[in-house]
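Quick caveat, the model's predicted, so the values are computed rather than measured. Chain letters run A, B, ... following the sequence lines, proteins first, then strands; residues in each count from 1.
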Amino acid sequence: MYDRIKGFRDFYPEEMAAHREVIDTVEETARNYGFREIATPAMEPTAMYVDKSGEEIVEELYSFEDKGGRDVALTPELTPTVARMVVAKQQELPKPIKWVSTRPFWRYEEPQQGRFREFYQTNIDIFGSSDPSADAEVMAVAVDVLTGLGLTSDDFDFRVSHRDILSGLLESFEADVDVQDAIRAVDKRAKIDEEEYMDLLTDAGLNYGQADNFDEMLHTDADELGTLAEMTGSADVAAAVENLEAVLSAAEDFGVREYCTVSLTTARGLDYYTGVVFECFDSTGEVSRSVFGGGRYDDLIEGFGGQQTPAVGFAPGVMNSTLPLLLQRAGVWPEEELSTDYYLLQVGDTRSVAARIARDLREAGHVVETDVSDRSFGAQMGYADSINAETVVIVGEQDLENDEVTVKDMESGDQTTAPVDEFPGDRDRPTYDDFA
RNA sequence: UCCGGGCUGGGGUAGUGGUAUCCUACAGCCUUGUGGUGGCUGUGACGCGGGUUCGAUUCCCGCGCCUGGACCCA
């Protein structure tokens with residue numbers, strides 16, 4: 001008996017059935033918007049991540065030297081890979097590039113609520129459009145995913161912010177501000193107390209009054225964003241506000257504006273975002289971590305050696321992640337149970353007839369099982385029950401003497417006979433009711 | 001890497017310095033013609049290593065894993 005590796009999980013059929021439904025919903029939502037599925041390698045050169053994030057990142061990677069002496073790492077995220085793919089075919093890919101991909105990623109971290117060392121994400125990105133409609137479309141997919149999974153606006157907070165507003169505000173102060181550090185402080189705001197927060201802001205270069213003023217501006221209402229530009233006199237802030245308002249206007253047209261809460265205190269920890277950013281949280285706070293985040297990152301492709309290419313996207317975690325936790329908390333997690341349309345129960349030497357019926361039913365697209373263990377009637381019935389068979393078709397020697405089979409509805413227990421030649425016949429989904 | 005809580009058959013549990021209770025699950029049989037709801041039988045556990053002890057599942061130490069948190073979250 002071997003142990004499972006720390007931070008990795010098994011998914012047994014009942015549990016996986018529920019996860020499958022969730023993944024299908026997420027992917028289908030993206031496909032309906034025209035996002036095309038791609039597949040990518042599980043390993044990349046370690047340098048791809050070190051160049052992007054610095055040498056410290058190796059600590060959090062599953063990285064090693066392969067037999068050819070190459071330094072490789074299991075992919076901790078999709079973005080660098082996708083950037084590489086976009087750069088490699090920059091000229092020939094029609095824009096906008098809209099891609100979706102669900103797959104596992106690996107990070108060598110300590111497992112916590114909703115965080116494992118192997119986790120699955122669906123990445124949804126648009127490359128090649130800087131238009132606010134692109135930001136809004138990504139946000140619309142995100143909201144449609146949430147509502148498609150059965151959540152309502154009461155269940156989640158979808159917070160929208162803008163990196164350029166934050167950096168513009170910071171730069172408008174007469175101070176030598178480390179914008180990166182200050183934004184990181186904003187991102188941590190909810191986790192730390194007031195004093196610590198102010199300390200971080202002053203460490204970043206603001207004086208106490210400026211920090212206070214900055215924090216106050218972050219709490220500006222959505223319909224008064226314009227005052228930020230006036231107060232600071234910053235053209236950068238004015239442009240960023242205009243951009244955010246354009247995105248929200250498109251979101252209105254796309255039917256998702258009502259789900260969005262403008263919240264400038266949402267910053268995301270990531271350094272590479274350049275415009276609109278958004279993050280989704282459990283409205284009750286029971287799931288303490290972010291459910292997913294996303295935003296615009298216009299400089300990344302260029303950073304990977306391509307032409308300047310605007311990009312916007314997000315990546316909900318599926319399987320080992322906070323999204324399932326939110327769905328469970330909200331009571332919309334799919335049933336964790338197997339479903340089986342038909343079980344063909346064989347009594348005596350009736351395999352050939354049972355097999356013929358099974359093939360016909362499978363042809364029609366149903367989930368059909370029959371005995372492969374030569375078990376007794378009672379044992380087969382018990383098994384049919386354990387796999388939640390909806391209908392059991394009893395193919396027994398006695399019935400076959402009259403050219404009949406017995407059709408049993410497992411929920412009610414009612415059963416009746418049907419002519420074997422007419423089962424399933426022309427019927428798409430024959431049940432007890434068709435013959436009663 | 002650090003801090004807290006935990007670890008008894010597959011799952012859930014009782015209990016103890018002298019090898020372990022019950023429920024459930026699984027398999028077979030009673031029952032080649034009826035499951036979810038009967039009976040019988042079987043399978044199966046003290047996370048791993050070391051220490052103390054005549055004897056450790058129990059006490060001590062280390063490690064592993066689970067769980068929650070810090071850091072990090074690209």
> Mapping A/Met410 and A/Glu110 onto RNA chain B by nearest heavy atom, which one lands closer to the 5' end?
Replying inline: A/Glu110
> Given the P atoms of B/A45 and B/G39, what is the spacing between them in whole Å?
Replying inline: 25 Å
>> So A/Glu59, base contact, sugar-phosphate only, or nothing? Heavy-atom distance under 4.0 Å.
In response: nothing
>> Rounded to whole Å, please give me the gap between CD in A/Glu286 and P in B/G68.
In response: 13 Å
> Is the A/Phe314 ring parallel, tilted or perpendicular to the A/Phe292 ring (thresholds 30°, 60°)?
Replying inline: tilted
> What's the CZ-C1' distance between A/Phe116 and B/C66, to the nearest Å?
Replying inline: 10 Å
>> With a 4.0 Å limit, can you tell me whether A/Arg115 has a side-chain N or O closer than that to the phosphate oxygens OP1/OP2 of B/C72?
In response: no
> Could you give the CD-to-C1' distance, from A/Glu196 to B/A70, as a whole number of Å?
Replying inline: 12 Å
>> Checking one value: the base orientation of B/U13, syn if chi is within 90 degrees of 0, otherwise anti.
In response: anti
> How is A/Gly7 classified with respect to the nucleic acid when contacts are heavy atoms under 4.0 Å: base, sugar-phosphate, or nothing?
Replying inline: sugar-phosphate
> Taking a pair as Watson-Crick or G-U wobble with both distances under 3.5 Å, which nucleotide is matched to B/G62?
Replying inline: B/C48
> Under 4.0 Å between a side-chain N/O of A/Lys188 and OP1 or OP2 of B/C71, yes or no?
Replying inline: no
>> Could you check whether A/Glu44 pairs with A/Arg84 (Lys NZ or Arg NE/NH1/NH2 to Asp/Glu carboxylate O, under 4.0 Å)?
In response: yes
> NA contact type, A/Gln346, heavy-atom cut-off 4.0 Å: base, sugar-phosphate, or nothing?
Replying inline: nothing
> Separation of A/Asp409 atom CG from B/U34 atom P, in whole Å?
Replying inline: 19 Å
>> Just verifying a value: how many Å separate A/His366 NE2 and A/Leu361 CG, rounded to the nearest 0.5 Å?
In response: 6.0 Å
> Rounding to the closest angstrom, what is the interatomic distance between B/A56 and B/A20 at atom P?
Replying inline: 15 Å
>> Students often get this wrong, so: under 4.0 angstrom with heavy atoms, is A/Ile394 touching a base, only sugar-phosphate, or nothing?
In response: base
> Roughly how far apart, to the nearest Å, are B/C72 and B/U67 at atom P?
Replying inline: 23 Å
>> With a 4.0 Å limit, can you tell me whether A/Gln415 has a side-chain N or O closer than that to the phosphate oxygens OP1/OP2 of B/U34?
In response: no
> Pick the nucleotide of RNA chain B nearest each of A/Leu400 and A/Glu60; which residue has the one closer to the 5' end?
Replying inline: A/Leu400
> If the C1' atom of B/G49 is compared with that of B/U13, how far apart are they to the nearest Å?
Replying inline: 27 Å
> Are the charged groups of A/Glu118 and A/Arg107 less than 4.0 angstrom apart, N to O?
Replying inline: no
> What distance, rounded to whole Å, do you find between the two P atoms, one in B/U52 and one in B/G15?
Replying inline: 30 Å
> B/U32 P sits how many Å from A/Glu397 CD, rounded?
Replying inline: 13 Å
> Considering every strand shown, what is the Watson-Crick or G-U wobble mate of B/U1 when both distances are under 3.5 Å?
Replying inline: B/A70
> Using purine N1 to pyrimidine N3 plus N6-O4 or O6-N4 for Watson-Crick, or N1-O2 and O6-N3 for G-U wobble, both under 3.5 Å, which nucleotide pairs with B/C22?
Replying inline: B/G12
>> Does the structure show a Watson-Crick or G-U wobble partner for B/A27, both distances under 3.5 Å? Name it, or say none.
In response: B/U41
> Just checking, any donor-acceptor pair under 3.5 angstrom between side chains of A/Glu279 and A/Thr266?
Replying inline: no
>> Does this structure show an ion pair linking A/Glu369 with A/Arg362, if we count only N-O contacts that are shorter than 4.0 Å?
In response: no
> Roughly, in whole Å, what's the span from CD in A/Gln380 to P in B/G35?
Replying inline: 12 Å
> When you measure from the side chain of A/Val347, which nucleotide among B/C2, B/G33, B/C66 comes out closest?
Replying inline: B/G33
> Counting only side-chain N and O atoms of A/Gln112, is one of them less than 4.0 Å from OP1 or OP2 of B/A70?
Replying inline: yes
>> With a 4.0 Å limit, can you tell me whether A/Thr406 has a side-chain N or O closer than that to the phosphate oxygens OP1/OP2 of B/U34?
In response: no
> According to the interplanar angle, ranging from 0 to 90°, do the rings of A/Phe158 and A/Phe278 count as parallel (below 30°), tilted (30 to 60°) or perpendicular (above 60°)?
Replying inline: parallel
>> Parallel, tilted or perpendicular, judged at 30° and 60°: which one describes the rings of A/Phe119 and A/Phe105?
In response: tilted
>> Using the side-chain heavy atoms of A/Arg107, tell me which of these nucleotides is nearest: B/C73, B/A70, B/C65.
In response: B/C73
>> What I want to check is whether an N or O donor and acceptor connect the side chain of A/Asp385 with the base of B/G35 at under 3.5 Å.
In response: yes
> How long is the line joining CG of A/Asp10 and P of B/C66, in whole Å?
Replying inline: 11 Å
> If the P atom of B/U8 is compared with that of B/C59, how far apart are they to the nearest Å?
Replying inline: 14 Å
> If the P atom of B/C2 is compared with that of B/C63, how far apart are they to the nearest Å?
Replying inline: 9 Å
> Rounding to a whole Å, what distance do you find between A/Tyr272:OH and B/C73:C1'?
Replying inline: 11 Å
>> With a 4.0 Å cutoff (strictly under), does any side-chain N or O of A/Arg375 reach OP1 or OP2 of B/U32?
In response: no
>> Taking any heavy-atom pair under 4.0 Å as a contact, classify A/Gly396: base, sugar-phosphate, or nothing.
In response: base
> With rounding to whole Å, what would you report as the distance between B/U57 and B/G4 at their P atoms?
Replying inline: 26 Å
> Does A/Arg117 put a side-chain nitrogen or oxygen below 4.0 Å from OP1 or OP2 of B/C72?
Replying inline: no
> With a non-hydrogen cut-off below 4.0 angstrom, is A/Asp399 in contact with a base, only sugar-phosphate, or nothing?
Replying inline: base
